[in-house]
Amino acid sequence: MNQENGGFEDAKSLEARYANYVEVGHNAFEFLFDFGQCYDEFRKTFHTRIVMSPDCARKLFEILQEVIDQSGPRFGRS
């Protein structure tokens, strides 16, 4: 992420995809995140796979936890 502007300039060129479903797998060397859409119990479509090292996945978890904790009070959620 770009430190000067929070990475938003670089992110403008990225393709955005909506996901309301994710499956996570792992082995000794990497975590696999398969993102997609779930329409009902029987219809799930995946469109993106992200592969991360365990260290990167751990850092993602920490960042998500921090952002979720901050967003609760900001948007009136606990």
Side-chain angles (χ1 to χ4, degrees):
M1 195 183 275
N2 186 328
Q3 295 298 320
E4 291 180 17
N5 60 22
F8 293 113
E9 286 299 317
D10 295 336
K12 286 181 181 179
S13 64
L14 297 177
E15 177 185 0
R17 300 291 304 263
Y18 176 77
N20 66 356
Y21 186 78
V22 62
E23 288 188 6
V24 180
H26 66 90
N27 59 36
F29 305 104
E30 57 197 15
F31 280 77
L32 298 100
F33 300 89
D34 292 336
F35 292 90
Q37 296 178 8
C38 179
Y39 302 100
D40 59 37
E41 185 177 346
F42 303 104
R43 292 187 313 147
K44 299 176 181 118
T45 60
F46 294 96
H47 53 67
T48 305
R49 172 172 280 178
I50 303 294
V51 181
M52 290 185 182
S53 70
D55 288 339
C56 286
R58 187 174 297 108
K59 186 63 178 174
L60 174 64
F61 172 78
E62 292 170 3
I63 291 168
L64 285 172
Q65 187 66 55
E66 182 179 321
V67 172
I68 290 168
D69 290 346
Q70 292 172 1
S71 72
R74 183 175 178 190
F75 297 108
R77 298 183 187 128
S78 51

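Using a 4.5 Å heavy-atom threshold, the side chains of Phe31 and Pro54 count as touching. Contact annotation: the side chain of Ile50 approaches that of Phe35 to within less than 4.5 Å [non-hydrogen atoms, C-beta and beyond].
Closest approach of Asp40 and Phe42 over heavy atoms only: OD1-N, 2.8 Å. For Gln37 against Tyr21, the heavy-atom pair with the smallest separation is C-CB, 4.2 Å. Ala19 and His47 get closest at one heavy-atom pair: CB-NE2, 4.2 Å.
Taking CG of Leu64 as the reference point, atom CD of Glu62 lies at 10.5 Å (rounded to 0.5 Å). To the nearest 0.5 Å, atom CD1 of residue Ile63 and atom CZ of residue Arg58 are 13.0 Å apart. Summarising the geometry, atom CZ belonging to Phe33 is positioned 10.0 Å from atom NE2 belonging to His26; distances are rounded to the nearest 0.5 Å. To the nearest 0.5 angstrom, Cys38 atom SG is 9.5 Å from Glu23 atom CD.
At most 12 non-hydrogen atoms from other residues, nucleotides or ligands lie less than 6.0 angstrom from CZ of Phe61. The environment of NZ in Lys59 is sparse: at most 12 heavy-atom neighbours from other residues, nucleotides or ligands sit within 6.0 Å.
Met52 and Val22 end up in the same hydrophobic cluster when Ile, Leu, Val, Met, Phe, Trp and Tyr side chains are linked at under 4.5 Å. Hydrophobic clustering of Ile, Leu, Val, Met, Phe, Trp and Tyr side chains at less than 4.5 Å, counting indirect connections, unites Leu60 with Val24.
Taking the side-chain hydrogen bond (donor to acceptor under 3.5 Å, both in side chains) definition, one finds that Asp69 meets it with Gln65, sequence neighbours left out.
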